[in-house]
Amino acid sequence: MKAMHAALLMGTALIAAAPVLAEEIYELDEITLSAGREETEIKRSGATVEVITAEALEKSGETRVADYLETLPGISIRMSGPIGTTASLYLRGAPAQYVPVIVDGIEVGDPAAGQGAFDFGTLTTSDISRIEVLKGSNSALYGSQAVAGAISITTKRATEIGTEQSATAEVGSYNTRKLSYSYATKTEKGEIALTASHLSTDGFSARDENDGNFEADGYRANRLSFYTDYQVTPDLKIGVNGFVEDTHGEFDDFVGDVGATSWVETSPGVWEPMFVAGTPGDDYTIRDTKGARLFAEFATGAVDQKLDFTFYDIDRTSCSNGWCDDFFGTRKKLAWQGATDLGLNGRLVFGADTEEEEAHGESTRTNGVFAELSYAFGDNLDVTASLRHDDHSDFGGFTSGRLAAVYRFSDDLLLRASLGNGFRAPSLYELYGPYGDPLLEREESRSAEIGIEKRFGDKAALRLTAFHLKAENLIGFDSAATVCGQDYGCYNQVDGDSERSGVEISGDYLVAPKLRLGGSYTYTDSSISTGWGAVARHDLSLFADYAINDALSSTLSLQHVADRPNGLADYTVANLALGYEFAEGKEAYLRVENLFDEEYQLTSGYGTSDRALYVGVRASF
């Protein structure tokens, strides 16, 4: 706990020195969709949730969701080159396989991937209206994988009765072209929403060009997302939503374009260093993904009920060095939920679900039951207790829980705290893939956090959260394991525990009517780590929003990351976005990424963008 104590001292010093740190402001009457089984006012939730709106994404100008998420407290990203290459998210130091990602109610983690994680390298902001990042072990809400938290994404929908349309066109560096169009209409009886987007770019070399790599790695993607619902009767609403996407992305394997020295087995049991020539142009991945959700919401007496069926499918082909591998995975889930009031101050939510995952010719099934009790103790204290029991076809039962509370000293001063545990069942690849072990056991975690949030009217806001996460029985790749029969090793249970502790600080300050400053800072102690790669100890993001006049606005953002693991150098990168509203609902914009042309790596050996310029126009009508 020394690291936690040091983090709290550092956080307190920063609060005293500069009450202007945050990327996103919390409105006390804002709603969170992910922190409980039902929509909840953020001021009544004890969980820590980062809320990103469509307006914030638009103002930043970011194309890749990962680039925006990286500026939030507690989140770091490891990218392996340009858009379309692998991008792994770390939440409070825990890797992506411990963070389920849900898009419009559909879980989109790859069932055929090594550890079942969602790859953020291909996700763009084109059809997104809202992102929520729920932090802490939350298997009581989301089942397997929710060791570090969960991310919920909502695509574009109508915001009010009537018809809304929007379009964006952008061109820029690396021969990048981006187009998107959204249509949404809403009546008293129902709504329809549709977004189509296209992105293509020549990219840059995934392996760092400063190491002699010369071939650009391009990317192409087409995506269609849709949503519709209809109020059949006052007590029954039905709907369907989903998406289809096809992508083609080039990447570089570990030898890059020029080749590298590697260990080669020259005779049985004899390994020698040998130069392996690069094979530029034949490393690429093709993905076809689709997801759908059918749902019904209805009331029977005093019980509000919801029935969901979701389906996710990925067909992925990855080619390298003249060899192609095909990966197929599907996920099907049926869920029922009921909710009823318990007097004036309490509400009980309960339900059950069953989920099947298939990949590599194998399948697993998880059945779960859950309950959540929310109770208000007077006007100032809200407590939520969640409990879930899962039964996995391979590992038997696991019970997870979460207790969260928030105390409101006043409308603008809140104290939050939560405790929870989580688990992750081994992926199908870890169990049955070529390096798998069917005897692997589940991973388990426990987390705790406490935080305080203060608003100063519309002038400023500040939030400080201390966190601790401990995980055990982790699964990692063990080069000495032989159970899978491979020469290079197998997946295996890792001895020892991994812990993450630290502090997150965020806030903003309205310096003048046209100037707002803010940012976030995260201190992470990952010195106790077995099987998890460490993250940077210090991560600072700052921004300045300045309205030059009524039509012209600007945003300057800066990120400084220090004390990084694995010998990676510290870096500071800045971005600039300008927007000019030339007519109502119509705006031209310019975005400069890596403004000062910083040379840095997010993953060892892999490059990042040089200074890049993008211009575009967007319109709402």
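Computed from a predicted structure; not experimentally measured. Along the sequence shown, the residues carry numbers beginning at 1.
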What do the steps show when you test Phe350 against Trp336 for side-chain contact (heavy atoms from CB on, under 4.5 Å), and what is the final call? CA-CA 9 Å; Phe350 49 90; Trp336 166 76; 3.5 Å; yes
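Residues Leu141 and Arg388 have side chains not in contact (no heavy-atom distance under 4.5 Å, counting atoms from C-beta outward). You'll find the side chain of Glu430 reaches within 4.5 Å of the side chain of Gln115, heavy atoms only. Using a 4.5 Å heavy-atom threshold, the side chains of Arg416 and Ile42 count as touching. Considering only heavy atoms from C-beta on, Phe243 stays 4.5 Å or farther from Tyr227 through its side chain. The shortest side-chain heavy-atom distance between Leu89 and Phe118 does not fall under the 4.5 Å cut-off. Inter-residue side-chain proximity for Thr247 and Thr289 is flagged as unmet; no heavy-atom pair is nearer than 4.5 Å. Residues Val108 and Ile153 fail the side-chain proximity criterion, which asks for heavy atoms closer than 4.5 Å. Side-chain contact check for Cys324 versus Thr317: some heavy-atom pair is nearer than 4.5 Å.
Contact detail for Gly242 and Ile106: the closest heavy-atom pair is CA-CD1, 4.2 Å. When all heavy atoms of Leu602 and Leu568 are compared, the pair lying nearest together is O-CD1, 4.2 Å. The minimum heavy-atom distance linking Arg78 with Pro565 is given by the pair NH2-CG, 4.0 Å. Between Asp390 and Gly368, the closest heavy-atom pair is OD1-CA, 3.8 Å.
Side-chain atoms of Arg331 come within 3.5 Å of backbone atoms of Gly109 as a donor-acceptor pair (strictly under, hydrogens ignored). At distances below 3.5 Å, at least one donor-acceptor pair connects side-chain atoms of Ser520 with backbone N or O atoms of Thr71. For Gln337 (side chain) and Arg37 (main-chain N/O), a donor-acceptor pair under 3.5 Å exists by modelled atom type. Of the possible polar contacts, none joining the Arg402 side chain to the Ser139 backbone as a donor-acceptor pair under 3.5 Å is found. In this structure, Ser129 contributes its side chain and Thr154 its backbone to a donor-acceptor pair below 3.5 Å. Looking only at distances, a side-chain donor or acceptor of Thr522 sits under 3.5 Å from a matching main-chain atom of Gly74. Tyr142 places a side-chain N or O within donor-acceptor distance of the main-chain N or O of Ser34, the cut-off being under 3.5 Å. Between the side chain of Thr86 and the backbone N or O of Ser80, no donor-acceptor pair lies under 3.5 Å. Under the 3.5 Å distance criterion, the side-chain polar atoms of Glu443 are left unmatched by any main-chain donor or acceptor of Ala471. Looking at Thr340, its side chain does come within 3.5 Å of a backbone N or O of Ala302 through a donor-acceptor pair.
Separation of atoms NZ (Lys156) and OG1 (Thr125) is listed at 8.0 Å; rounding is to 0.5 Å. From Thr32, atom OG1 reaches atom CG of Leu134 across 7.0 Å, with rounding to the nearest 0.5 Å. Here OH of Tyr491 is found 10.0 Å from CG of Leu440. Values are rounded to the nearest 0.5 Å. In this structure, CD1 in Ile31 is found 7.5 Å from OG1 in Thr40, a value given to the nearest 0.5 Å.
For the residue pair Glu107/Thr310, the side-chain donor-acceptor check at 3.5 Å is not satisfied. With 3.5 Å as the limit, one finds no donor-acceptor pair spanning the side chains of Ser427 and Gln97. If you check the side chains of Ser320 and Asp253, you find a donor sitting under 3.5 Å from an acceptor. Side chain to side chain, Ser137 and Asn421 fail the donor-acceptor criterion of an N or O pair below 3.5 Å. There is no side-chain donor-acceptor pair under 3.5 Å between Glu358 and Ser363. A side-chain N or O of Thr155 and one of Asp104 form a donor-acceptor pair less than 3.5 Å apart.
Ionic pairing of Arg92 and Glu504 is present here: one or more N-O contacts between side-chain nitrogen and carboxylate oxygen are shorter than 4.0 angstrom. A salt bridge links Arg347 with Asp304: the closest approach of a Lys/Arg side-chain nitrogen to an acidic carboxylate oxygen falls below 4.0 angstrom. Between Arg442 and Glu444, at least one side-chain N (NZ, or NE/NH1/NH2) sits under 4.0 Å from a carboxylate O, which counts as a salt bridge. Between Asp308 and Arg293 a salt bridge is recorded (basic side-chain N to carboxylate O distance below 4.0 Å). The pair Glu472-Arg446 counts as a salt bridge, with a side-chain nitrogen and a carboxylate oxygen less than 4.0 angstrom apart. A salt bridge does not link Lys306 with Glu297: none of the charged nitrogens is closer than 4.0 Å to a carboxylate oxygen. Ionic pairing of Glu50 and Lys135 is present here: one or more N-O contacts between side-chain nitrogen and carboxylate oxygen are shorter than 4.0 angstrom. Between Glu191 and Arg157 there is a salt bridge, since a side-chain N of the basic residue sits under 4.0 Å from a carboxylate O of the acidic one.
Ring geometry for Tyr429 against Phe327 counts as tilted: the plane angle lies between 30° and 60°, on a 0 to 90° scale.
Two rings, from Phe311 and Phe309, have their centers 6.0 Å or more apart.
Other residues, nucleotides and ligands contribute only 12 or fewer heavy atoms inside 6.0 Å of the CG atom of Asp495.
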